[in-house]
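Comments concern the structure below.
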Amino acid sequence: VVKIRRFRQVRVVAAALSNQSGESTMTIPLKDGWKPLVMLAHLGGAKVPDTQQIAIKVKQLDEFCRDEDVGPVDFIKCDTEGFEYFVFSGAKNLLSHHYPTIFCEIEEPYLKRQGVNPSDLFNLFFDLGYASYLPTHSDKLTPVSGYQQRGDYLFIHPSRFPAGLSNTEQIETHKL
């Protein structure tokens, strides 16, 4: 897609993000025993039928940003099929200095596959001062104090709020 669309601002990196650097195994489910379902690939996991496993390099997001001289980060979209806690555990420097807004899919069954409870992920953000929200269908963000349901969550640091907005009230997205 990068080549076809001629995205010059996109660079593909053959690595995954985690809380430590090194190597890991990526498990890719297979449909009909042979078609890779790449969108459901995840780090770790036991070798079971109808999966393919490949070795992959892993890096901490903090290390990647430092090594690649990535400037301030304002926004992160993360959907790593249950590995979100480890991705953000490896990004504490970035999170505590740049306070990027995080748009993150959270699915309890996928987190539990990694031995993580949703509260672990929420507490990681809460410890850094972030507030959490569920987007609604009416262009509003509803504050939540933890995991409510499968889906997308926003984590926003109060320093990102325009003056006059509170992190405890429902927010209209056009005000952000």
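In this text, all values refer to a predicted model and were calculated from it rather than measured experimentally.
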Self-check item: side chain to side chain contact (heavy atoms under 4.5 Å, CB included) between F125 and L95, intermediate numbers included
Solution: CA-CA 9 Å; F125 287 111; L95 295 174; 4.2 Å; yes

Exercise. For residues N19 and S89, report the shortest heavy-atom separation together with the two atoms involved.
Key: CB-CB, 3.8 Å

Practice problem: For ring pair (Phe, Tyr, Trp, His ring centres under 6.0 Å), just list the numbers for F88 and F155, CA-CA rounded to whole Å, side-chain angles, deciding distance to a tenth of an Å, and then say yes or no. | Solution: CA-CA 12 Å; F88 292 115; F155 295 92; 7.7 Å; no

Quiz item: Measuring from L154:CG to I102:CD1, what's the distance to the nearest 0.5 Å?
Solution: 9.5 Å

Quiz item: With no hydrogens and no angle check, do the side chains of S21 and Q60 hold a donor and an acceptor under 3.5 Å apart?
Solution: no

Self-check item: Side chain to side chain, D74 and P100, heavy atoms closer than 4.5 Å
Solution: no

Quiz item: What pair of heavy atoms forms the shortest contact from D120 to Y85, and how long is it?
Solution: O-CE1, 3.6 Å

Quiz prompt | V73 side chain reached by L61 side chain, heavy atoms, under 4.5 Å | solution = no

Quiz item: Can you name the closest pair of heavy atoms from F122 and V144 and give their distance?
Solution: CE2-CG2, 4.5 Å

Self-check item: Hydrophobic cluster membership, L17 vs I54, 4.5 Å side-chain cutoff
Solution: yes

Quiz item: For K77, does the NZ atom have more than 12 heavy-atom neighbours from other residues, nucleotides or ligands under 6.0 Å away?
Solution: yes

Quiz item: Parallel, tilted or perpendicular: which describes the rings of F75 and F103, with under 30° parallel and over 60° perpendicular?
Solution: parallel

Quiz item: Is N117 close to K112 at the side-chain level, that is, under 4.5 Å between some pair of heavy atoms?
Solution: yes

Self-check item: Verdict with supporting geometry, E84 and L111, side chain to side chain contact (heavy atoms under 4.5 Å, CB included)
Solution: CA-CA 8 Å; E84 293 80 9; L111 286 169; 3.9 Å; yes

Quiz prompt | Heavy-atom check, side chain of K92 versus side chain of L124, under 4.5 Å | solution = yes

Quiz item: When you measure from the side chain of D62 to the backbone N and O of N93, does any donor-acceptor pair fall under 3.5 Å?
Solution: yes

Practice problem: For side chain to side chain contact (heavy atoms under 4.5 Å, CB included), just list the numbers for S132 and Y147, CA-CA rounded to whole Å, side-chain angles, deciding distance to a tenth of an Å, and then say yes or no. | Solution: CA-CA 9 Å; S132 60; Y147 184 78; over 6 Å; no

Quiz item: For F86 and T80, what are the C-alpha separation, side-chain angles and deciding distance, and is it a side chain to side chain contact (heavy atoms under 4.5 Å, CB included)?
Solution: CA-CA 10 Å; F86 300 101; T80 56; over 6 Å; no

Quiz item: How long is the span from the CE atom in M26 to the OG1 atom in T51, to the nearest 0.5 Å?
Solution: 13.0 Å

Quiz item: Would you call the rings of Y130 and Y99 parallel, tilted or perpendicular, where under 30° means parallel and over 60° means perpendicular?
Solution: tilted

Practice problem: Search all heavy atoms of S18 against all heavy atoms of F83 and return the closest pair with its distance. | Solution: OG-CE2, 3.3 Å

Self-check item: H98 NE2 to S159 OG distance, which is reported to the nearest 0.5 Å
Solution: 12.0 Å

Quiz prompt | Heavy-atom side-chain proximity of L94 to V70 below 4.5 angstrom | solution = no

Quiz item: When rounded to the nearest 0.5 angstrom, what distance separates CD1 in I56 from OG1 in T25?
Solution: 10.0 Å

Quiz item: Got E105 and E81 here, is their nearest side-chain heavy-atom distance under 4.5 Å?
Solution: yes

Quiz item: Is Q149 close to L134 at the side-chain level, that is, under 4.5 Å between some pair of heavy atoms?
Solution: yes

